[in-house]
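Starting from 1, each residue takes its place in the sequence as its number. Because the structure is predicted, anything quoted here is derived from the model rather than measured.
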Amino acid sequence: MSTAEETKIKLFDKYTFDNVEVYSKSLQAAISIKPIFVPHSAGRHEHWKFAKNKVNVIERLINHIALTPKAGGKKYKAINAVKAAFELINHKTGKNPILVFIKAIENAAPREDTTRISYGGILYYQSVDISPTRRVDLAIRNIVIGARNNSFKSPRPFHEALADEIIDASENNPKSYAIAKRQELEKHAEASR
């Protein structure tokens, strides 16, 4: 596919992939922003090691949403939720929602975590760096969990909660669940150095 054809491709036939880039050098290999119309690859990546890094990041968000009890594994229900959330993000911020989502991932991705080490019958925690793929997975998971928690037992629809969570995470707002979780993880890691 040539670059002229790629510029015509728009997500959900609305949002362009032009000028969308990942600014975090460490996450560039783990976030794919390959232009697509509809984020549905039917799991063709699962047979190869590290192939999920080539799956578009929007589809990875949709896959995490499809795992929630509300979506119940129905991928098109998750696609519609993301489509509605992106429309809200575009309306509230006036920016391309793909850019806002990438910025949210960059802000919500934790850099350090802890692991349990057993030495001579004694357990202690040691601070470790997190791989870029896991950083992206944790950021997306925490964004989805935050949206689910805000819409659970509430009259607020899931797509509104998802849009607010993405906007808050992109602005590095501490009221975002994903940002709070990242700060908590890094705080624990710093204490166990």
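Between L162 and I143 the shortest side-chain heavy-atom distance falls below 4.5 Å. Between D164 and N150, the closest side-chain pair of non-hydrogen atoms is not below 4.5 Å. Using a 4.5 Å heavy-atom threshold, the side chains of I65 and F158 count as touching.
Minimum heavy-atom separation, I140 to L61: CG2-CA, 3.8 Å. Counting all heavy atoms, side chain and backbone alike, S127 lies closest to A189 at CB-O, 3.3 Å. Of all the heavy atoms in S151 and R156, the pair that sits closest is CB-O, 3.6 Å.
Rounding to the nearest 0.5 angstrom, the gap separating the CD1 atom in I117 from the OH atom in Y125 is 11.0 Å. In this structure, NE2 on H159 lies 11.0 Å from CD1 on I89, to the nearest 0.5 angstrom.
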Step by step, would you call I130 with E112 a side chain to side chain contact (heavy atoms under 4.5 Å, CB included)? CA-CA 6 Å; I130 302 177; E112 286 185 302; 5.6 Å; no
Extract all donor-acceptor atom pairs below 3.5 Å that involve side chains of residues 176-185 and protein atoms in other chains or at least two apart in sequence.
{"from": "S176", "atom 1": "OG", "to": "E165", "atom 2": "OE2", "distance (Å)": "2.7"}
{"from": "S176", "atom 1": "OG", "to": "A178", "atom 2": "N", "distance (Å)": "3.4"}
{"from": "R182", "atom 1": "NH1", "to": "N107", "atom 2": "O", "distance (Å)": "2.4"}

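With hydrophobic clusters built from ILVMFWY side chains whose heavy atoms lie under 4.5 angstrom apart, V100 does not share a cluster with L88. No path of Ile, Leu, Val, Met, Phe, Trp and Tyr side chains, each step under 4.5 Å between heavy atoms, connects V136 with L138, placing them in separate hydrophobic clusters. Linking Ile, Leu, Val, Met, Phe, Trp and Tyr residues whenever their side-chain heavy atoms come within less than 4.5 Å leaves I62 and I145 in two separate clusters.
Within 6.0 Å of NZ on K92 lie more than 12 heavy atoms contributed by other residues, nucleotides or ligands.
Side-chain atoms of E186 do not come within 3.5 Å of backbone N or O of P110 as any donor-acceptor pair. When atom types are taken as modelled, the side chain of N90 and the backbone of F86 share no donor-acceptor pair closer than 3.5 angstrom.
Take S131 and apply the side-chain hydrogen bond (donor to acceptor under 3.5 Å, both in side chains) test, not counting sequence neighbours, and it matches no residue.
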